[in-house]
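Computation of the quantities below employed the complete heavy-atom set of this structure, encompassing side-chain atoms and omitting hydrogens, waters and symmetry-equivalent molecules. Not measured: the values here are computed from a predicted model. First the proteins, then the strands, lettered A, B, ... as listed; each starts at 1.
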Amino acid sequence: MSKGPQRIRGTQDIWGEEADRFQAVVAAFERVRRLYGFQRIEMPAFEATAVFSRSIGETTDVVSKEMYTFEDRGGDSLTLRPEFTAGICRAFLSEGWQQLAPLKVATHGSVFRYERPQKGRYRQFHQLDAEILGADSPAADVELLVFADQLLNELGITDGVTLQLNTLGDAETRDAWRSALVAHFESHRDDLSEDSLARLDKNPLRILDSKDPRDRPAADSAPDIDAYLTDQARAFFDKVTAGLDAAGVAWTRNARLVRGLDYYRHTAFEFVTDRLGAQGTVLAGGRYDGLVEALGGPHTPAVGWAAGIERLAMLAGAPAPNTIDVALVPMGDAAEMAAIGLLAQLRRAGIAADMGYKGNMKKRMQRANASGARQAIILGDDELARGEAALKDLESGAQQSVPLSGLVEAVRRQ
RNA sequence: GCGAUCGUAGCUCAGCUGGUUAGAGCAUCGGUUUGUGGUACCGAGGGUCGGGGGUUCAAGUCCCCUCGAUCGCCCCA
């Protein structure tokens with residue numbers, strides 16, 4: 001623990017059962033993503049700093065104090081991605097994906113945020129991400145939400161998880177509502193916490209979901225967005241909720257749910273669990289119709305979500321441990337060489353097989369047992385001379401002689 | 001960035017109000033069994049008690065600093 005170089009704060013070495021859980025989450029995502037027709041894309045881990053600062057919002061905490069920004073040797077300002085969405089919109093423009101709209105894409109990998117680490121919160125962490133670009137239909141929002149719901153279901157973590165849904169309206173709605181909120185909170189200035197006084201300047205919507213009890217009276221009496229929704233914005237939200245009902249996805253309206261990043265419009269949602277303490281948000285996203293434009297592109301409506309792999313992995317049950325089918329136990333140099341050939345044959349036939357690099361028979365049998373293999377193939381000079389091997393069932397202890405030529409078949413039959 | 005708790009072997013932990021060479025279980029390695037594992041028994045390795053400084057005759061134990069983890073806030077997936 002104290003010897004040698006230390007792991008950097010907020011990073012993690014993932015191995016053993018934890019790695020299996022992590023991999024199981026990614027595998028489920030890849031499986032479900034195909035069912036919904038989302039294309040797999042790979043994105044760079046860093047972008048020009050402006051890609052994030054212009055889209056996420058200069059005043060957000062993510063941009064103003066959480067980004068890993070550095071100057072490269074050519075003097076350009078680069079930033080390790082703190083999320084996927086901005087980079088995907090950049091790619092949408094650089095790669096000419098306008099041609100392909102509406103485009104459904106999915107990716108996963110590391111993202112970086114300079115935050116104080118906690119359980120389920122790291123400086124280098126991993127996200128799943130799904131986006132639909134160039135679609136203004138509420139059906140796109142619905143498809144993404146049904147996708148998310150199925151993913152959580154297949155991971156077996158819907159227990160205690162609820163989908164909270166809200167609308168932030170279109171640009172017109174959001175501006176009007178925002179002004180009303182600012183006016184309301186200005187008149188309650190004296191009742192607000194210090195944190196919320198700061199939010200009043202930077203991000204007044206954020207006061208609505210404040211946890212500080214001092215803020216609750218003013219937040220609870222604040223005007224709902226519903227009164228400010230334009231007919232269009234209201235119709236849009238109604239179609240989203242109707243679509244969820246049609247697909248059989250449970251949701252609850254949370255009129256106090258807002259998003260931290262500036263680019264969100266219309267649909268905003270979070271799948272929240274009560275099992276992860278303060279890190280309760282497990283998958284979240286919404287519609288960001290203004291983002292591509294903010295990057296200098298044409299008006300491009302889009303929706304998406306991201307989910308923290310570490311948080312999903314903590315909630316998901318442990319997957320079945322990785323085991324092999326058969327272990328080889330050779331005795332003597334000649335047998336070992338023959339076993340190397342046999343090992344390759346078994347693996348080429350799709351059978352998970354393993355053989356230790358050294359050890360006497362007892363050691364090798366212990367290893368075979370510990371590996372979880374159901375069978376062992378024992379190969380010594382006697383067997384080799386007869387063109388046979390001993391096939392042992394490690395559970396029952398039963399052992400039989402099998403001709404080498406029929407060994408692959410015999411193993412497969414068990 | 002703010003507040004709080006914690007930090008003893010690979011893992012889980014014990015170590016009373018400071019007192020001789022820091023312990024246990026599990027795991028690892030070796031042996032009882034030179035071609036047969038899972039059980040049992042015997043044995044071994046592994047710790048600068050997170051790191052640094054201080055108080056004291058004496059510090060794993062008390063004080064300060066530092067690093068890290070955890071919980072809450074902030075923020076967010």
Side-chain angles (χ1 to χ4, degrees), chain A residues 1-4 6-12 15-17 25 56 59-67 82-85 108 110-123 125-130 148 193-196 198-199 202-203 206 209-213 215 258-261 269-273 276-286 304-315 327 329-332 335 356 359-384 390 392-399:
Chain A
M1 185 82 62
S2 59
K3 282 179 220 140
Q6 263 184 295
R7 183 159 40 75
I8 297 298
R9 183 167 158 90
T11 63
Q12 25 177 6
W15 54 279
E17 190 202 296
V25 170
I56 296 171
T59 63
T60 60
D61 280 19
V62 169
V63 170
S64 63
K65 48 192 193 194
E66 293 176 3
M67 294 205 302
E83 56 136 48
F84 280 106
T85 308
H108 65 82
S110 296
V111 290
F112 306 84
R113 252 122 85 164
Y114 190 86
E115 293 184 280
R116 177 111 178 222
Q118 259 173 55
K119 191 171 195 165
R121 189 168 96 173
Y122 305 93
R123 289 183 172 179
F125 62 108
H126 301 82
Q127 286 189 334
L128 308 174
D129 187 274
S193 64
E194 309 80 60
D195 279 338
S196 284
R199 284 190 270 239
K202 283 169 54 184
N203 194 351
R206 271 290 177 201
D209 58 1
S210 169
K211 289 174 193 162
D212 194 315
D215 293 328
V258 294
R259 309 261 63 218
L261 311 185
F269 55 86
E270 283 183 17
F271 285 83
V272 182
T273 177
L276 246 37
Q279 276 65 247
T281 301
V282 111
L283 185 154
W305 54 250
I309 297 180
E310 286 84 354
R311 292 184 188 178
L312 293 174
M314 279 191 281
L315 293 169
V329 180
M331 283 172 300
N360 59 23
M361 180 167 202
K362 181 189 165 97
K363 280 294 135 214
R364 288 173 181 272
M365 285 303 289
Q366 282 177 347
R367 286 274 169 215
N369 192 58
S371 74
R374 304 178 62 188
Q375 304 173 81
I377 292 171
I378 298 157
L379 195 60
D381 294 337
D382 299 356
E383 285 88 352
L384 207 51
K392 178 163 187 162
D393 183 314
L394 288 172
E395 280 169 53
S396 66
Q399 192 168 321

**Student:** With C1' as the reference atom in both, quote the distance from G1(B) to C75(B) in angstrom, rounded to an integer.
**Tutor:**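 It comes out at 11 Å once rounded to the nearest Å.
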**Student:** Go nucleotide by nucleotide along RNA chain B from the 5' end; which of Tyr114(A) and Gln399(A) gets its closest nucleotide reached first?
**Tutor:** Tyr114(A)
**Student:** What does Lys363(A) touch in the nucleic acid at a heavy-atom separation under 4.0 angstrom: a base, only the sugar-phosphate, or nothing?
**Tutor:**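 Sugar-phosphate: the residue Lys363(A), judged by heavy atoms under 4.0 Å, touches backbone atoms but no base.
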**Student:** Whole Å only: how far is the CD atom of Gln127(A) from the P atom of C76(B)?
**Tutor:** 13 Å
**Student:** Could you work out the separation of U32(B) and C67(B) based on their C1' atoms and round it to a whole Å?
**Tutor:** 47 Å
**Student:** What is the nucleic acid contact for Gly120(A), judged by heavy atoms within less than 4.0 Å: base, sugar-phosphate only, or nothing?
**Tutor:** base
**Student:** Please check if the side chain of Arg259(A) supplies one atom and the backbone of Gly286(A) the other of a donor-acceptor pair under 3.5 Å.
**Tutor:** no
**Student:** Where the side chain of Arg113(A) is defined as all heavy atoms beyond and including C-beta, which of G1(B), C29(B), C76(B) is the nearest nucleotide?
**Tutor:** C76(B)
**Student:** If you take all heavy atoms of Arg311(A) and Gly120(A), which pair is closest and at what distance?
**Tutor:**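 For Arg311(A) and Gly120(A), the tightest heavy-atom pair comes out as NE-O, 2.9 Å.
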**Student:** Below 3.5 Å, does any donor atom in the side chain of Asn369(A) face an acceptor in the base of G37(B), or the other way round?
**Tutor:** yes
**Student:** Taking CG from Leu384(A) and P from G35(B), how many angstroms apart are they, rounded to a whole number?
**Tutor:** 18 Å
**Student:** What nucleic acid atoms does Ala284(A) come within less than 4.0 Å of, heavy atoms only: base, sugar-phosphate, or nothing?
**Tutor:** sugar-phosphate
**Student:** When you compare A4(B) with G43(B), how far apart are their P atoms, in angstrom units rounded to a whole number?
**Tutor:** 50 Å
**Student:** For Lys392(A) and G38(B), give me the distance from atom NZ to atom P, rounded to whole Å.
**Tutor:** 10 Å
**Student:** Just name whichever nucleotide pairs with G3(B), Watson-Crick or G-U, keeping both distances under 3.5 Å, else none.
**Tutor:**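 By the stated definition (distances under 3.5 Å), C71(B) pairs with G3(B).
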**Student:** Could you tell me how far C63(B) sits from U17(B) if I compare only their P atoms? Round to whole Å.
**Tutor:** 13 Å
**Student:** Taking the six-membered ring of Phe112(A), is the NZ or CZ of Arg123(A) close enough (under 6.0 Å from the centre) and on axis enough (within 45°)?
**Tutor:** no
**Student:** Mark yes or no for a side-chain to base donor-acceptor pair under 3.5 Å between Lys362(A) and U34(B), with no hydrogen or angle criteria applied.
**Tutor:**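 Per atom types, no contact qualifies.
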**Student:** Does Lys119(A) reach a base, just sugar-phosphate, or nothing at all? Heavy atoms under 4.0 Å.
**Tutor:** sugar-phosphate
**Student:** NA contact type, Glu66(A), heavy-atom cut-off 4.0 Å: base, sugar-phosphate, or nothing?
**Tutor:** sugar-phosphate
**Student:** Specify the closest pair of heavy atoms between Ala148(A) and Trp305(A), including all atoms of both residues, with the distance to one decimal.
**Tutor:**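 It is CB-NE1, 3.6 Å.
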**Student:** Between Ile309(A) and Lys211(A), name the one whose nearest nucleotide on RNA chain B is closer to the 5' end.
**Tutor:** Lys211(A)
**Student:** If you compare all heavy atoms of Phe125(A) against all heavy atoms of Glu310(A), which two are closest, and at what distance to 0.1 Å?
**Tutor:** CA-OE2, 3.5 Å
**Student:** Would you mind classifying the nucleic acid contact of Leu283(A) as base, sugar-phosphate or nothing, using non-hydrogen atoms under 4.0 angstrom?
**Tutor:**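 If one applies the 4.0 Å heavy-atom cut-off, Leu283(A) turns out to touch the sugar-phosphate alone, with no base involved.
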**Student:** Rounded to whole angstrom units, what separation is found between the CE atom of Met314(A) and the P atom of A77(B)?
**Tutor:**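 So the two atoms are 15 Å apart, to the nearest Å.
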**Student:** So if I take every side-chain heavy atom of Arg199(A) and compare against C74(B), A77(B), G37(B), which nucleotide ends up nearest?
**Tutor:**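 Closest nucleotide to the Arg199(A) side chain: C74(B).
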**Student:** When both hydrogen-bonding distances must be under 3.5 Å and the geometry is Watson-Crick or G-U wobble, what is U20(B) paired with, if anything?
**Tutor:** none
**Student:** Please determine whether a side-chain nitrogen of the Lys or Arg among Arg206(A) and Asp195(A) lies less than 4.0 Å from a carboxylate oxygen of the Asp or Glu.
**Tutor:**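 No.
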**Student:** So which nucleotide does C49(B) pair with, by the Watson-Crick or G-U wobble rule with both distances under 3.5 Å?
**Tutor:** none
**Student:** When you measure from the side chain of Gln6(A), which nucleotide among G68(B), C74(B), U28(B) comes out closest?
**Tutor:** G68(B)
**Student:** Using atom C1' of each nucleotide, how far apart are G50(B) and G7(B) to the nearest Å?
**Tutor:**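 Pairwise C1' distance, G50(B) against G7(B), rounds to 6 Å.
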**Student:** Could you check whether Gln366(A) gets within reach of a base, just the sugar-phosphate, or nothing at all, counting any heavy atom under 4.0 Å?
**Tutor:**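 Answer is sugar-phosphate: Gln366(A) comes under 4.0 Å of backbone atoms only.
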**Student:** With a non-hydrogen cut-off below 4.0 angstrom, is Asp382(A) in contact with a base, only sugar-phosphate, or nothing?
**Tutor:** base
**Student:** Specify the separation, in whole Å, of atom NE2 of His126(A) and atom P of C76(B).
**Tutor:** 21 Å
**Student:** How long is the span from the CG atom in Leu394(A) to the CD atom in Gln399(A), to the nearest 0.5 Å?
**Tutor:** 9.5 Å
**Student:** Salt-bridged, Arg113(A) to Glu83(A), with N to O below 4.0 Å?
**Tutor:** no
**Student:** Counting side-chain heavy atoms from CB outward, which of U28(B), C76(B), C74(B) is closest to Val62(A)?
**Tutor:**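 Output: C76(B).
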**Student:** Can you figure out which of U36(B), C73(B), A77(B) approaches the side chain of Met365(A) most closely?
**Tutor:** U36(B)
**Student:** Determine the Euclidean distance between corresponding P atoms of G47(B) and A9(B); express it in Å to zero decimal places.
**Tutor:** 10 Å
**Student:** Quickly work out the Arg364(A) CZ to U36(B) P distance and round it to whole Å.
**Tutor:**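 Rounded to the whole Å, the gap is 15 Å.
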**Student:** Which part of the nucleic acid, if any, lies within reach of Glu83(A) when heavy atoms closer than 4.0 Å are counted: base, sugar-phosphate only, or nothing?
**Tutor:**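 Nothing: the residue Glu83(A), judged by heavy atoms under 4.0 Å, touches no strand.
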**Student:** Among A77(B), A69(B), U36(B), which is the nearest nucleotide to the side chain of Pro117(A)?
**Tutor:**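 Among A77(B), A69(B), U36(B), the one nearest the side chain of Pro117(A) is A69(B).
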**Student:** Rounding to a whole Å, what distance do you find between Arg9(A):CZ and U66(B):P?
**Tutor:** 13 Å
**Student:** Applying a 4.0 Å non-hydrogen cut-off, can you work out what Gly10(A) is touching in the nucleic acid: base, sugar-phosphate, or nothing?
**Tutor:** sugar-phosphate
**Student:** Select base, sugar-phosphate, or nothing to describe what Arg311(A) touches, counting heavy atoms under 4.0 Å on all strands.
**Tutor:**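 Base contact - Arg311(A) has a heavy atom under 4.0 Å of at least one base atom.
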**Student:** Can you tell me the Watson-Crick or wobble partner of G35(B), both distances under 3.5 angstrom?
**Tutor:**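 Base-paired to nothing in any strand shown.
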**Student:** Tell me if the side-chain of Arg206(A) makes a donor-acceptor pair with the base of C74(B), cut-off 3.5 Å, by modelled atom types.
**Tutor:** no
**Student:** Using the P atom as the point on both nucleotides, what is the distance between A40(B) and C26(B), in whole Å?
**Tutor:** 9 Å
**Student:** Taking atom P in both U33(B) and G38(B), compute the distance separating them and give it to the nearest angstrom.
**Tutor:** 14 Å
**Student:** Take the protein atom CG of Asn203(A) and the nucleotide atom P of C75(B), then report the distance between them rounded to whole Å.
**Tutor:**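 Distance, rounded to whole Å: 8 Å.
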**Student:** Could you work out which one of G35(B), C71(B), C2(B) sits closest to the side chain of Glu383(A)?
**Tutor:**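 Closest nucleotide among those given: G35(B).
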**Student:** Among the candidates C67(B), C73(B), G35(B), find the nucleotide nearest to the side-chain atoms of Arg121(A).
**Tutor:**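 That would be C73(B).
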